[in-house]
Amino acid sequence: MTVQQAQERLEQLKAVITDSNRRYYVENAPVLSDYEYDQLMYELQAIEAEFPELVTEDSPSRRVGSDLSDKKGNKEFEQFPHRYPMLSLGNTYSLSEIKDFAARASKALGGETFTYSCELKFDGTAICLTYRNGRLLRALTRGDGSIGDDVTRNVRRIANIPEQLKGDGWPEEFEIRGEIYMPYSAFDRLNEEKRKEEETPFANPRNAASGSLKLTDPEEVGRRGLECTLYHLLGENLPFSTHSEALDKAASWGLPVSEHRRICRNIEEIEAYISHWDAQRKFLPFATDGIVIKVNQLNMQRSLGYTAKSPRWAVAYKFKAEQALTPLLSIDYQVGRTGAVTPVANLEPVQLSGTVVKRATLHNPDQMGLLDIHEGDWVYVEKGGEIIPKIVAVELSKRLPGAIKPVFPTHCPVCGTPLVKDEGQAKYFCPNKDHCPPQIKGTLVNFLSRKAMNVFAGEANIEQLYNMGFVRNVADLYDLTENQLLHLEGWKHRMAERFLESLRESVRTTPFERVLFAIGIRFVGEQTAKTLARHFRSIDALKEASREQLLEVEDVGEVIADSILQWFSDASNYEIIERLRKVGLHLAIEQQEGPSSAVLAGKVIVISGTYSISRDEMKALIEQHGGKISSSVSAKTSWLLAGEKAGPEKLKKAESLGIPLLSEELLRAMLATEIPDRNDGNIIPDPAGAPDDNTETQEGIQLTLF
Ligand code: IVH
């Protein structure tokens with residue numbers, strides 16, 4: 001490799017790793033599996049070792065990835081410097097490198113006798129807790145290793161982190177570091193809820209843990225079922241001689257410390273510990289991604305010291321993601337809502353990390369080429385960072401002679417239209433969006449979904465409506481008659497009536513921004529639809545917008561702008577819009593919307609518990625009427641909106657500060673009532689003040705107060 005080649009490859013690797021760090025630590029949506037990431041990092045380190053003159057300070061090999069929420073000054077969390085830098089660990093997938101680590105440590109320690117503390121490597125997000133005089137003072141995330149986000153309020157909601165230590169003998173002030181993780185049971189429950197709410201589920205428990213720790217509503221954090229394990233105690237003049245003694249003491253003060261730690265005396269014992277957990281980890285109720293091996297004697301740790309990024313006294317052995325080998329039965333080419341064609345492998349069912357895998361994605365034709373997959377091959381499947389398993393390799397020794405390569409279709413496998421490929425994209429698309437069945441069905445499903453028109457219908461119902469030929473586009477839905485619905489298998493009068501009423505309700509209640517999201521312009525997601533609706537205020541203005549005008553809108557880039565222009569250039573789309581207009585859908589922000597009234601102007605409302613609508617919808621509703629949402633109860637709080645299972649701590653705090661409680665019914669009644677604005681803006685009786693003379697507007701409604 002020449003210096004120039006090395007320089008070029010380094011730039012590539014740095015860009016990919018830095019981007020992957022952001023997606024992993026900040027967005028909690030990893031693009032690479034840990035293994036892929038580590039391989040890139042090893043390559044970077046190898047090139048840097050060969051060409052030390054090319055190493056720069058900003059190289060990801062010298063810095064830990066940053067989880068800081070925002071570096072542009074708009075911080076969601078206060079940030080504080082770490083007293084001791086929060087480093088990472090050197091890691092390897094090879095046992096022989098663990099032997100090298102042990103040999104290096106032994107040599108550096110001049111052959112003195114020492115032991116190792118072997119521990120599970122918990123797969124979560126790092127946390128640093130400070131205890132002063134036995135009380136939890138502060139919790140910081142790792143951040144960039146030098147400064148971290150202050151997540152103390154959230155950490156106080158994690159059940160196994162004590163606010164007050166028990167026993168005695170703790171140092172006046174110390175730090176203890178560990179991992180916040182989400183056990184599988186909580187993870188499954190959370191993703192189930194997300195699916196019900198039609199939100200994107202978390203890809204794995206690690207992302208769920210770090211995403212949850214960075215929520216701005218501590219009460220919601222409390223509901224997520226996070227747990228903590230602590231594995232590194234730091235401070236000045238600590239009265240311990242070994243790491244294991246420090247952790248045992250921490251456990252006696254009530255701090256959560258893993259019970260799976262073992263002291264190993266030599267490499268054989270380390271290997272036995274590794275192979276035990278490699279086999280047993282699938283029975284643990286939480287995710288682990290390896291084993292951490294630490295020199296146990298603290299004075300020896302000190303003499304081994306640190307590199308720029310990690311301690312020399314510890315190393316991580318990482319488990320390879322579990323793989324399974326199974327025959328490929330066939331390949332389906334699936335057409336999605338956007339028309340993208342994805343090759344999906346049908347496999348002989350096989351057990352993998354606790355579930356049976358029958359299908360795995362092959363991503364796109366480029367990936368199929370890279371794998372060099374042939375019909376009848378035996379393939380290795382793995383669960384990577386994503387939810388859907390993927391094929392990572394082919395077992396060539398099992399390939400049958402004369403096996404043929406699958407041919408990626410040139411035409412849509414459903415409607416037969418020639419496929420197209422955008423420049424620079426690996427995916428093929430079916431351009432026949434108006435007549436290709438999966439695309440139409442996908443658009444209908446999206447249109448009726450909870451986050452769009454919120455109509456009571458499942459995917460199977462939409463399939464029936466489509467198959468019977470009753471709907472071909474979203475406007476057709478509003479022409480459906482009860483008579484037609486009664487022709488569908490399993491539909492009775494009540495169900496048909498409920499569906500039609502739900503459609504009518506969607507016309508009345510869905511604001512423009514959600515209609516804009518519902519119609520399914522490619523790349524216009526929920527948030528973009530909101531921004532566009534607020535910017536242009538009507539579908540007509542949006543239709544007239546030039547490319548330049550679209551690009552002026554926050555978060556609208558060229559891809560979105562072009563997609564909007566293309567959508568409106570299609571006459572059939574405009575026809576649909578005209579039909580929806582006739583039905584009465586909100587195609588503009590009306591006076592009523594944003595804020596629809598000033599009923600809650602000047603009010604600071606804390607929400608707690610669950611409501612008949614999602615918490616996000618509740619927040620939007622309050623804001624629409626001029627109210628402000630705050631996440632914690634304080635003297636400035638006007639009301640605590642107490643839903644079902646409202647947090648006991650919030651209720652207690654409200655009671656102690658004399659903050660009135662508001663029920664969802666009362667709030668709704670307030671918003672539904674046209675009340676003339678009074679001088680002080682108050683529209684419900686002030687609990688502390690004189691009886692309100694406007695009480696007739698509150699007729700029949702009980703305000704629950706402590
Ligand atoms: S010790 C100086 N012990 O793995 C670093 N880390 O990939 C001391 N981790 O940054 C860390 N389980 O977030 C240690 N038993 C354990 C661990 C552990 C998980 C995490 C930690 C660390 C990362 C390195």
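Just so you know, residue 1 is the first one in the sequence shown, and it goes up from there. Read the numbers this way: they start at 1 and go in the same order the structure lists the ligands and their atoms.
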**Within-4.5 Å side-chain heavy-atom neighbours: Thr115 and Cys264** =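 Contact flag for Thr115/Cys264 side chains = no.
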Near [X], which atoms of ligand 1 are under 4.0 Å from a heavy atom of that residue?
X: Lys121; answer: 4 (O), 7 (O), 12 (N), 19 (C), 23 (C), 24 (C)
X: Glu119; answer: 3 (N), 15 (N), 16 (C)
X: Leu120; answer: 12 (N), 15 (N), 16 (C)
X: Val292; answer: 3 (N), 15 (N), 16 (C), 17 (C)
X: Ala126; answer: 13 (O)

For [atom], closest protein heavy-atom neighbour:
atom: atom 8 (C) of ligand 1; answer: His232 ND1, 4.1 Å
atom: atom 3 (N) of ligand 1; answer: Lys294 NZ, 3.0 Å
atom: atom 13 (O) of ligand 1; answer: Glu179 OE1, 2.8 Å
atom: atom 17 (C) of ligand 1; answer: Tyr231 CE2, 3.3 Å

**Complete:** One should read off an interatomic distance between Ser61 OG and Ile47 CD1, to the nearest 0.5 angstrom, of 11.0 Å
**N/O donor-acceptor pair under 3.5 Å between Asn296 side chain and Ser244 backbone** = yes
For the residue pair [Y] / [X], report whether a side-chain donor-acceptor contact shorter than 3.5 Å exists.
X: Asp67; Y: Thr141; result: yes
X: Glu219; Y: Ser608; result: yes
X: Gln297; Y: Thr242; result: no

**Message:** Tell me whether Pro311 has any N or O atom under 3.5 angstrom from an N or O of ligand 1.
**Reply:** no
**Prompt:** Considering Leu87, Asp38, Asp289, which one's heavy-atom position lies nearest to atom 5 (C) of ligand 1?
**Reply:**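 Comparing heavy atoms across Leu87, Asp38, Asp289, the nearest one to atom 5 (C) of ligand 1 lies in Leu87.
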**Among Trp313, Phe122, Tyr306, closest by any non-hydrogen atom to atom 19 (C) of ligand 1** = Phe122
Side chain, backbone, both or neither: the part of [X] lying under 4.0 Å from ligand 1 by heavy atom:
X: Thr229; answer: neither
X: Arg142; answer: side chain
X: Arg177; answer: neither

**Request:** Please work out which of the three classes, parallel, tilted or perpendicular, describes the rings of Trp253 and Phe174, given edges at 30° and 60°.
**Result:**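 Ring orientation of Phe174 relative to Trp253: tilted.
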**Asked** Parallel, tilted or perpendicular: which describes the rings of Tyr116 and Phe101, with under 30° parallel and over 60° perpendicular?
**Response** tilted
**Message:** Checking side-chain contact (heavy atoms from CB on, under 4.5 Å) between Ile161 and each of Leu230, Leu226, Ile180, which is the one that passes?
**Reply:**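 Considering Leu230, Leu226, Ile180, a side-chain contact (heavy atoms from CB on, under 4.5 Å) with Ile161 is found only for Ile180.
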**Asked** Can you name the one residue among Arg261, His260, Lys294 that meets side chain to side chain donor-acceptor pair (under 3.5 Å) with Glu119?
**Response**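 It is Lys294, the one option of Arg261, His260, Lys294 that forms the side chain to side chain donor-acceptor pair (under 3.5 Å) with Glu119.
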